[in-house]
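Heads up, the thing below is written out as structure tokens.
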Amino acid sequence: MATLALDGIKKSFGPVQILHDISIDLKDGEFLVLVGPSGCGKSTLMNIIAGLEEPSGGALHLNGRDITPLGPADRNIAMVFQSYALYPNMTVAKNIEFPLEMHRIDRSVRAERVAKVAKLLQIEHLLERKPRQLSGGQRQRVAIGRALAREPQLYLFDEPLSNLDAQLRLDMRTEIKKLHQRLKSTIVYVTHDQIEAMTLATRIAVMKGGVLQQLGTPYEVYNRPANTFVASFMGSPRMNLLQARVSGSGGALELSFTKGDRAHAGFVLPAAAAAPLQPYTGREVIAGIRAEAVSIARKGETLGANQRTLAARVEVIEPTGADTLVVLDVAGQEFTARLDPDVDLVPGAMMDFQIDLSKLVCFDSQTEILLS
Amino acid sequence: MADTRDKGLVAGRIFLYLVLIFLALLFLLPMYVMLANSFKPLEEIRNGQLMALPIDWTTAPWRSAWSTAQIGVQATGLRPYFINSFLLVIPAVAISTMFGALNGYILTQFQFRGANLLFALMLFSVFIPFQIVLIPMAKTLGTLGLAGTVKGLVLVNSVYGIGFTTLFFRNYYAAFPVELIRSARMDGARFFAVLFRILLPSSSPIIIVTVIWQFTNIWNEFLFGASFSDFSSFPLTVALNNLVSSSTGVKEYNVHFAGAFIAAIPTLIVYVASGKYFVRGLMAGSVKG
Amino acid sequence: MRAGWLPKLLLSPSVILVLVCVYGYIMFTVYLSFTASTMMPAYEWSGTASYQRLFRLANWNVSVGNLAVFATLYILVTLVLGLLFAILIDQQIQAEGLFRSIFLYPMAISFIVTGTAWKWLLDPGIGLEHTMRQIGWESFSFGWIKQADMAIYCVVIAAVWQTTGFVMALFLAGLRGIDGEQISAARVDGARPWQIYQRIIIPQLGPVFVSAFVILAHMAIKSYDLIIALTNGGPGRATWLPSVFMYQYSFTRNEMSVGAASAVLMLAAIGVVVLPYLVNEMRKVKHG
């Protein structure tokens, strides 16, 4: 296993810059997920790590060794592809053995490794089959097996679950996580699915337009998004981003939501939440509140230090089974709340909601960067 | 209402099949005439009619065409030229197919300056009228000492087949899954390992298409054969033409038909056995780029 | 992947062969056409003399005229029949594969073979005319192949017979490539089958028409084997095409520079037809 250092990686095709100065340091055993919308440069970055594409600038170090000038064959990196890329003319066993053969590993060692990997992934009964005789999940296992057999310093996974159906995708996700916990290997994993990123990663790199937006643990990325893009990309339903105005003086700051001539809604901020907003007194900010920070206010209930009430009108009710998503109108702005599945609401009703402000985040209304 | 519609449909279908069967018979007619008359004595062709089946069956025309008919000055029949054609076709097909596979691989999997221009030049070479190269090629073969030899024809047909074979393999490999190649390269496969372990084992369809196409084209080739061979190295098409168009003596139509059929048999067998691949070759040859 | 030395090295034999044996030889022939070569190549520059002589030669002008007649009829008839055959085959018929194979098999056979077959079929002495008279139609007469003004149409018949199946296959692939939902939609909209072909399907076959036209046109210009086997250019020079002219002048009449000039003009004609098509196809590939 190994550490990986990306040092100022750039990539451009003619005048078009695909990657802007990406630097990431991975410790031994880390599971890094590159996530972002399509065209964000995550796949290009992965191909550069793999050696399949050359960077226009910057350097890569694997366990301290400069691998930038090396071809993919010489990097000691294994990759699991989206289409699995199993060689159709070879049996499962031959597929797993192929990279070992290419690296001129002894025949006896090869057989041993194939057996070991097959046992680990429970594909022993498939070894003599051809890839076309396998189901999607089985192909996935073989592809992972082929990567494991090499015992490389680094694993790359390129959207490995996106060709599987929904249920199998969840199962394989768990399995990959188990495998990582067991093998303690260093992994770089590309996906466009933010839930996959949250569940698997030890650290997430959120990318957009070839720029690294945020690098952090799943907790940080979810709760302290570096900007409004990360805030709305990570999490489903997406974080509510409301136009808000900071007012008041001295210690007590008030955050109010208004849009046009609609009714005013707002509250006085708790001290912790108010601190980063002091310089913004009298100015607009963007307030970010997660859907799960909202609940229905009950009469007579005493509010905690970080809780406030907010009046809103119920617009649309979407039960999902485990919980119910409710679209609210807060002073003319749309706001989604995740409520108990058994709440009894009527569209059009004006109600009081209770909001937990301990995880309130605010962004500069111009730069859209987190205020902290 | 439904009744009239059904009646119209049935009448339409019957008409459709009648037309199709008529056309099919029309297309089979020349083959039938050749075959039927190749088993008739010459007298029966002169006095009877071309469409009738033989009354007095004989294989003499076939035996004559194969081993005793006069080709040019010698009475050897078509046999030596049949052998010449095989001696020409087998190496020429093998060489042009190998180059095609190699070129297709390199042109699709590697980037270098001028690759597109190179391919465009190869592609256009498929279309040129070969009259434009006849004179310098004749001179080249003379210089190399290959004029009037089967070897010379092998060279010529291989060279002018490369455009087609490259086109076939390039288009096939351009549609080959990129991830398989990438995966192989990450697994440590280098130039030849990718070609021999990954690409070629999955190339049987295009290899078959190319081999059939080249076999048919080179077997049927006439212009190069007529230009660059002599009595010892005629390919079958040239020998057949000599047999049919020789102006001396009686016109032995039955022998001509038998000879023509002998020349058609190898490609017909290939066509019947693997028509699907033959059609794919035609299509691949027509959809360029 | 950027190419290292090995791919370039392995590509080079083909590149050299194509550059020398295609483009080098083309330039050589072009050069010869500006010399006064007779039986053997000569290298003294003599300007456009051989082109001037070429244009004054009756044999050349007849060849070009014949090509115009042959190419026009051959391309038109083959396109129409090819489309018609494709539509017939497309009617969800029984034994479709068999019919297709029958219409296509002539493409697998040498022009020398089919030329031989048609030569005797069209020959009034033993062929169709003879047969009809044997059957009892005494006044039946079909001797085009022996008539100088009609023989070129015999070449058209044989060439159409040889390639109609190929054009059919092209059109059939085009027909089958059209989205079935469009046809369902047209039927729901009340279109009759022939209206569907006329209004929906055939207008979408434009690219197939273009491909087929280019292929047929270049085959027409290159036609040589069929002429040799069917009529050998005769009667007289009634079925000479530029390809026949080129061979005659270069190799039997010892006027190599004139032969070279005729080959250059053949190449130019093919270039005019094929190059715009190839450029367009290459561009499509780049952008798609």
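Atom set for the values below is all heavy atoms of this structure, side chains included, hydrogens, waters and symmetry mates excluded. First the proteins, then the strands, lettered A, B, ... as listed; each starts at 1.
Classification of the B:W219-B:F215 ring pair by plane angle, with boundaries at 30° and 60°, yields parallel. Between B:Y173 and B:Y105, the ring-plane angle classifies as perpendicular under the 30° and 60° cut-offs.
With a threshold of 4.5 angstrom between heavy atoms, A:E101 approaches chain B through side-chain atoms but not through N, CA, C or O. For A:R146, the part sitting under 4.5 Å from any heavy atom of chain B is the side chain, from C-beta outward, and nothing else. With a threshold of 4.5 angstrom between heavy atoms, A:N47 approaches chain B through side-chain atoms but not through N, CA, C or O.
The residue among A:D158, A:L86, A:L100 with the most heavy atom pairs within less than 4.5 Å of chain B is A:L86. Among A:R104, A:R150, A:R75, A:M79, the residue with the largest count of heavy-atom pairs under 4.5 Å with chain B is A:R150. Contacts with chain A were tallied for B:I198, B:V178, B:D187, B:I181; B:D187 has the most, counting heavy-atom pairs under 4.5 Å.
Between B:F86 and B:F82, the gap from one ring centroid to the other is short of 6.0 Å.
Taking 4.0 Å as the cut-off between side-chain N and carboxylate O, A:E175 and A:R141 count as a salt-bridged pair.
Between A:K11 and A:P55, every side-chain heavy-atom pair lies at or beyond the 4.5 Å cut-off.
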